[in-house]
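Only one structure is covered here, and it is reproduced in the block below.
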Number of protein chains: 2
Amino acid sequence: MPTIKDIAELANVSPATVSRVLNNSGYVSSAARKRVIEAIEKTNYVPSEHAKSLRTKKTQVIGVVMPRLSTETSSRVVHGIDKVLSAKGYQILLATSDLSPEKEIDQLRLLQSKQVEGIIFLATNVSENLQKELSELETPLVALGQDLPGVSTVLYDDYHAACDVVDWFLAKGHTKIGFIGVSAHDEAVGRKRRNGYQAQMNEAALPVEKSWMQEASFDIESGYEATRRMFKESTTTPTAIFAVTDRLAVGAMEYIKQAGMSIPEDVALAGIGASEIGKYVTPPLATVDYANEEAGMKATNLLLDHISNGDNSHKKFVMPYGLLARDSLG
Amino acid sequence: MPTIKDIAELANVSPATVSRVLNNSGYVSSAARKRVIEAIEKTNYVPSEHAKSLRTKKTQVIGVVMPRLSTETSSRVVHGIDKVLSAKGYQILLATSDLSPEKEIDQLRLLQSKQVEGIIFLATNVSENLQKELSELETPLVALGQDLPGVSTVLYDDYHAACDVVDWFLAKGHTKIGFIGVSAHDEAVGRKRRNGYQAQMNEAALPVEKSWMQEASFDIESGYEATRRMFKESTTTPTAIFAVTDRLAVGAMEYIKQAGMSIPEDVALAGIGASEIGKYVTPPLATVDYANEEAGMKATNLLLDHISNGDNSHKKFVMPYGLLARDSLG
DNA sequence: ATAAAATGTGGAATCGATTCCACACCAGTA
DNA sequence: TACTGGTGTGGAATCGATTCCACATTTTAT
């Protein structure tokens with residue numbers, strides 16, 4: 001591995017001059033520049049970013065912390081982030097938290113030690129420790145998807161989206177509406193969407209049988225099971241089901257079909273997420289489009305603003321969402 | 001941002017001693033160690049990885065270059081990579097090439113300058129320039145999915161998988177089998193799978209009408225269009241279609257349904273990739289499971305071997321695949 | 001013609017860690 | 001008593017770049 005010194009010797013100049021060529025700064029005669037460039041090409045020289053960062057404090061790297069990579073939502077978000085970042089010459093240092101609160105904090109530290117210039121943080125849990133860590137963090141950070149106090153965040157409008165889904169059903173005349181949610185530890189998906197559902201049912205003065213509200217995890221299989229439980233346990237069975245994610249809804253769809261009922265005639269169905277799968281199941285799944293890619297882009301732009309302007313204000317940005325009424329609605 | 005010097009002063013020791021505490025190396029009295037640890041905690045000190053890497057040449061970062069992130073295949077692969085890497089304390093520096101050959105090379109250079117300890121490379125194009133770049137690269141590298149000469153690779157068995165898909169149809173008595181492929185610039189998906197199809201049709205002495213072979217890009221919509229063309233242009237229409245990816249197959253499915261034909265009675269269908277979507281469309285799509293996550297893990301382990309053993313041999317590893325015969329087959 | 005400004009270049013300090021080496025101290029042993 | 005060997009510590013070089021400053025040389029302006 002050649003260093004700047006080797007190039008300097010080869011080109012018969014000082015390291016300082018090589019550096020000037022590298023950075024297009026200061027004065028360099030065209031003769032010297034030519035010799036340096038030749039030396040660089042001959043040796044396949046690549047400057048060490050570490051030495052550079054050590055001196056300049058710039059790394060051109062943004063850290064991204066997310067619970068898991070292998071979901072459609074995540075990859076859309078990362079794609080949005082990458083789109084903005086790669087255009088500006090930044091790279092992504094990826095850190096996954098595996099849904100573990102301690103690991104989220106560890107990763108935050110690790111990224112800090114790697115001197116990333118900013119962090120985009122998709123949290124799931126919002127613990128005490130996490131908030132403490134965040135408040136001590138010097139690196140600019142933007143949260144996405146969960147409302148973290150004291151930091152800039154790009155949020156989805158979970159509450160109103162959930163209300164709108166329930167409204168869909170109400171408008172079709174449904175009164176017995178089931179709900180498949182996830183753990184309330186997840187503030188956004190677990191709590192807010194449930195709140196929206198409950199608020200809307202209350203508003204409409206509709207009673208909700210206990211078994212109509214089921215809790216699942218995040219996979220299709222779990223949506224299937226939740227639906228099975230719902231139908232087994234209910235005295236009056238729902239005529240519509242709102243699942244908080246498309247995957248859960250697809251699971252519900254599987255159960256309903258297997259149980260010999262038809263969608264939307266016997267049971268109407270809707271999810272949230274606008275996942276690709278929902279578009280191609282039969283019937284197509286009504287859902288809410290969260291514009292994940294745009295959210296990723298938005299968060300990145302916000303972060304870059306913080307970095308360049310040294311702007312420390314805490315902005316909250318709520319993403320608009322789109323309603324995709326499809327056949328599963330009736 | 002405190003540095004090792006600040007800690008040293010606070011703890012009344014030299015930087016050397018702080019370093020010893022940090023790395024658990026050499027002799028440190030328990031009194032000194034205690035003072036150092038306290039100073040670290042008090043100041044929230046995080047050592048600079050840049051300074052460290054500059055000195056030690058170790059970064060604990062692996063670069064991953066891939067064409068795009070927002071596909072199910074990619075995220076499965078990255079997930080596999082991450083699983084192995086995070087267990088060993090490595091991090092992932094992500095670089096996307098956006099399907100552009102020049103960008104693939106740029107990213108390779110950039111990763112090198114960031115001193116990554118190894119690179120996992122998912123290429124699409126296999127150009128001259130790329131091969132030159134790879135041969136000059138000093139960083140250990142493992143390619144995944146495309147056969148690059150002169151480097152270790154983890155490969156999918158595209159040719160035989162394609163043969164097996166055609167065999168499915170042959171076994172069901174189909175003789176008119178259509179094919180939806182992608183550009184031959186993509187060696188693995190474009191060329192090898194097509195070769196498998198053609199070889200098998202030849203073997204069975206079955207004629208292939210020109211319009212039965214259509215070229216598409218990678219999205220569902222494009223599969224739809226390719227199928228439309230196939231049916232419009234053919235004098236005899238196929239009774240079975242092999243699409244080289246599940247997404248293309250789903251597009252084909254859409255067209256076939258919309259044209260009023262039924263699957264598998266009028267047209268049988270199969271894809272490759274075992275994407276989740278294929279499992280939940282109606283009818284479920286027959287496909288080939290490529291074990292992407294395992295491939296990512298395999299590639300990572302191979303890479304780590306190279307790194308730790310300084311092992312420069314070029315291993316080729318072909319992943320086994322699984323056949324998922326589902327209802328779309330008939 | 002002479003002062004002032006622009007151009008080119010190298011020396012050396014610097015960033016924040018690690019690590020070799022020298023040195024000091026305190027046992028235990030011959 | 002003197003010598004070994006294990007402990008504990010700090011000084012200083014080092015990694016590979018950037019950048020300030022000083023200095024030399026040329027060009028331009030007055």
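Everything numeric in this text was worked out from a predicted model, so none of it was measured. The sequence lines fix the lettering, A, B, ..., with proteins before strands; numbering per chain opens at 1.
B/Gln115 places its CD atom 9 Å from the P atom of D/dG16, with the value rounded to the nearest Å. In this structure, B/Ile40 atom CD1 and C/dA17 atom C1' are separated by 13 Å, rounded to whole Å. Nucleotide D/dT19 holds its C1' atom 10 Å from the CG atom of A/Asn23, rounded to whole Å. Taking atom CE on A/Met1 and atom P on D/dT14, their separation rounds to 22 Å, with Å as the unit. Between the CG atom of A/Leu54 and the C1' atom of C/dT18 there is a distance of 13 Å, rounded to whole Å. The distance from atom CD1 of A/Ile4 to atom P of C/dG10 is 12 Å, rounded to the nearest whole Å. In this structure, A/Asp6 places its CG atom 8 Å from P of D/dG16, rounding to the nearest Å. Note: CD (B/Glu49) to C1' (D/dG16) measures 17 Å, nearest angstrom.
Residue-level contact check: B/Val18 touches neither bases nor backbone, having no heavy atom under 4.0 Å from any strand. Nucleic acid contact class of B/Lys5 (heavy atoms, under 4.0 Å, all strands): none. Base engagement by B/Ser19 is indicated by at least one non-hydrogen atom pair under 4.0 Å involving a base atom.
Salt bridge annotation for B/Asp186-B/Arg191: absent, with no cationic side-chain nitrogen under 4.0 angstrom from a carboxylate oxygen. Between B/Lys57 and B/Glu117 there is no salt bridge, since no side-chain nitrogen of the basic residue lies less than 4.0 Å from a carboxylate oxygen of the acidic one. Between B/Arg76 and B/Glu72 a salt bridge is recorded (basic side-chain N to carboxylate O distance below 4.0 Å).
With hydrogens and angles ignored, the 3.5 Å screen pairs no side-chain donor or acceptor of B/Ser97 with any backbone N or O of B/Ser100.
The 5' end of DNA chain C is approached more closely, in terms of each residue's nearest nucleotide, by A/Ser14 than by the other of A/Ser14 and B/Ala16. Residues B/Thr17 and B/Ala51 both approach DNA chain D. Their nearest nucleotides, taken by heavy-atom distance, put B/Thr17 toward the 5′ side. Both A/Pro15 and A/Tyr27 sit near DNA chain C, but only A/Tyr27 has its closest nucleotide nearer the 5' end. Nearest-nucleotide assignment on DNA chain D puts the 5′-proximal partner with B/Arg20, out of B/Arg20 and B/Arg55.
Checking D/dC15, D/dA17, C/dG10 against the side-chain heavy atoms of A/Pro47 singles out D/dA17 as nearest.
Of the side-chain N and O atoms in A/Ser29, one or more sit less than 4.0 angstrom from OP1 or OP2 of C/dT9. In terms of phosphate contacts, B/Ser53 brings no side-chain nitrogen or oxygen within less than 4.0 Å of OP1 or OP2 of C/dA17. In terms of phosphate contacts, B/Lys57 brings no side-chain nitrogen or oxygen within less than 4.0 Å of OP1 or OP2 of C/dT18.
Between A/Tyr156 and A/Tyr290, the ring planes are parallel. Angles under 30° get that label, and only those over 60° would be called perpendicular.
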